[in-house]
Amino acid sequence: MAQTAVIFDVDGTLADTNYLHVVAWARAFRDAGEDVAMADIHRLIGMGSDLLVEELLGHSDDKAVDGHSRHFEDLMSEVRAFPRAGDLLGEVHRRGATVALASSANGEQLDAMLEAIAAPDGTIDHIVGADDVEQSKPAPDVFEAALDATGLDPADTLVVGDTVWDIQAAAKLGLKVVAVVSGGICRQELEEAGAIAVYDDVAQLLHDLDRSPIARLLQAPTTTSTTSRS
């Protein structure tokens, strides 16, 4: 097992799906008899479905949650990876890091995004999705599960994400986040939330990889080996 790891969010980071989620949520809310502006929905994409509904409606609504899943399924044929997403995963793995994906998406959604990303075989070492954890972002569960899978300390791990929810969830575990604005959250907001570096997208991160926090992580002495965290 590699001595360092990079944990990648998927929606909005590797796959251009955030606005598909907005459309799916808008349709789901309409089905549930709720009128919610798409702009308000977009700001919460990346948060777990249950928390997103509570935040927007002030109460839970299983019909809306189920409706989002149904409407997103109708849009999955439109799922596209961001340019160079698979290449970035492959290059980070080639340089010696464990590569993990940590997403709030369920298994079927993840499968569609993984097919679009088309990472080289053997590149992705661990995948954690919504079906594997009890609480969704901004709770840290999905990143904690990825850490447990890698057996590494947060000091030897970076997260790549696109939302303040990624940053908040990671911070609860002492994980630092490299952010991309491809999910629709502006650079200033990501920096204010605590991102240590912000890129336009994963293609720019790959282009600048040698000068990135990922390169510095790979060059630094590690604090743990294969011993699991206590």
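Start at 1 with the first residue, then count along the sequence. Atoms considered below: every heavy atom in the structure, side chains included; atoms not considered: hydrogens, waters and symmetry mates.
- Counting heavy atoms from C-beta outward, L209 and L88 have side chains that approach closer than 4.5 Å.
- Between the side chain of T17 and the main chain of L20, no donor-acceptor pair closer than 3.5 Å is present.
- Salt bridge annotation for R95-D210: present, with a cationic side-chain nitrogen under 4.0 angstrom from a carboxylate oxygen.
- When L14, I127, V79, V10 are each tested for a side-chain contact (heavy atoms from CB on, under 4.5 Å) with L114, only one passes: I127.
- Counting heavy atoms of neighbouring residues, nucleotides and ligands inside a 6.0 Å radius, atom NE2 of H42 exceeds 12 of them.
- More than 12 heavy atoms of other residues, nucleotides or ligands shown are found within 6.0 angstrom of CG on D131.
- Between the side chains of S60 and D50, no donor N or O sits under 3.5 Å from an acceptor N or O.
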Full working for side-chain contact (heavy atoms from CB on, under 4.5 Å) between V159 and K176
CA-CA 6 Å; V159 170; K176 295 179 180 179; over 6 Å; no

For a side-chain contact (heavy atoms from CB on, under 4.5 Å) check, start with the C-alpha distance between L56 and F29, then their side-chain angles and the critical distance, and finish with the verdict.
CA-CA 10 Å; L56 289 171; F29 284 129; 3.7 Å; yes

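- P140 approaches A169 most closely through the heavy-atom pair CB-O, 3.4 Å.
- Under the side-chain contact (heavy atoms from CB on, under 4.5 Å) test applied with I167, the options V177, L175, D162 reduce to a single match, V177.
- The heavy-atom pair separating A105 from L110 by the smallest distance is O-CD1, 3.8 Å.
- Taking the side chain as every heavy atom from C-beta outward, F8 and V202 never approach each other to under 4.5 Å.
- Shown here is E54, whose CD atom has more than 12 heavy atoms of other residues, nucleotides or ligands within 6.0 Å.
- Proximity of T98 to H126: side-chain heavy atoms (C-beta onward) are separated by under 4.5 Å at one or more points.
- With rounding to the nearest 0.5 angstrom, the OG1 atom of T123 is 9.5 Å from the CG atom of D87.
- Nearest heavy-atom pair, P213 versus Y199, reported as atom, atom and distance to 0.1 Å: CD-OH, 3.6 Å.
- Contact record, A81 with A116: CB-O, 3.4 Å, taken as the closest heavy-atom pair.
- Using a 4.5 Å heavy-atom cutoff, the side chains of H21 and H68 are in contact.
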What verdict does the side-chain contact (heavy atoms from CB on, under 4.5 Å) test give for W165 and L44, after you've listed the backbone C-alpha separation in whole Å, the side-chain angles of each residue and the deciding distance to 0.1 Å?
CA-CA 8 Å; W165 317 116; L44 299 183; 3.5 Å; yes

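- In this structure, V22 and I45 have side chains that are in contact, with non-hydrogen atoms separated by less than 4.5 Å.
- Classification of E73 and R70 as a salt-bridged pair fails, no side-chain N sitting under 4.0 Å from a carboxylate O.
- No continuous path of hydrophobic side-chain contacts links Y19 to W25 [ILVMFWY only; heavy atoms under 4.5 Å].
- The structure places OG1 of T4 at 12.5 Å from CG of D153, a figure rounded to the nearest 0.5 Å.
- L205 is listed as a side-chain neighbour of S212, based on a closest heavy-atom distance under 4.5 Å.
- Salt-bridge check for R84 with D201: failed, with every basic side-chain N at 4.0 Å or more from each acidic carboxylate O.
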Assess whether side-chain contact (heavy atoms from CB on, under 4.5 Å) is satisfied between V6 and T157, documenting all intermediate values.
CA-CA 6 Å; V6 181; T157 308; over 6 Å; no

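- Side chain of N18 to main chain of G12: a donor-acceptor pair is present (N/O by atom type, distance under 3.5 Å, no hydrogens or angles).
- For the pair R43 and E55, the salt-bridge criterion is not met [side-chain N within less than 4.0 Å of a carboxylate O].
- Summarising the geometry, atom OG1 belonging to T163 is positioned 8.0 Å from atom CG belonging to L190; distances are rounded to the nearest 0.5 Å.
- Taking every heavy atom of both residues into account, I124 and A119 meet most closely at CD1-CB, 4.1 Å.
- Rounding to the nearest 0.5 Å places CG of D40 at 10.5 Å from CG of L52.
- The CG atom of L51 sits 4.5 Å away from the OG atom of S136 when rounded to the nearest 0.5 Å.
- Put simply, the side chain of N106 gets close to the backbone of Q109: a donor and an acceptor are under 3.5 Å apart.
- For the atom pair CE (M47) and CG (D166), the distance works out to 11.5 Å, reported to the nearest 0.5 Å.
- Between R27 and D74, none of the side-chain N atoms (NZ, or NE/NH1/NH2) sits under 4.0 Å from a carboxylate O, so this pair counts as no salt bridge.
- In the model, D66 has no side-chain atom that pairs as donor or acceptor with a side-chain atom of S69 under 3.5 Å.
- Salt bridge absent: K63 and D31 never bring a charged side-chain N and a carboxylate O closer than 4.0 Å.
- The closest side-chain heavy-atom distance from E144 to K172 is not below 4.5 Å.
- Taking 4.5 Å as the limit, some side-chain heavy atom of D11 sits within range of a side-chain heavy atom of S103.
- With respect to the salt-bridge test (charged N to carboxylate O, under 4.0 angstrom), the residues E34 and R30 do not qualify.
- The heavy-atom pair separating P154 from L147 by the smallest distance is CG-CD1, 3.9 Å.
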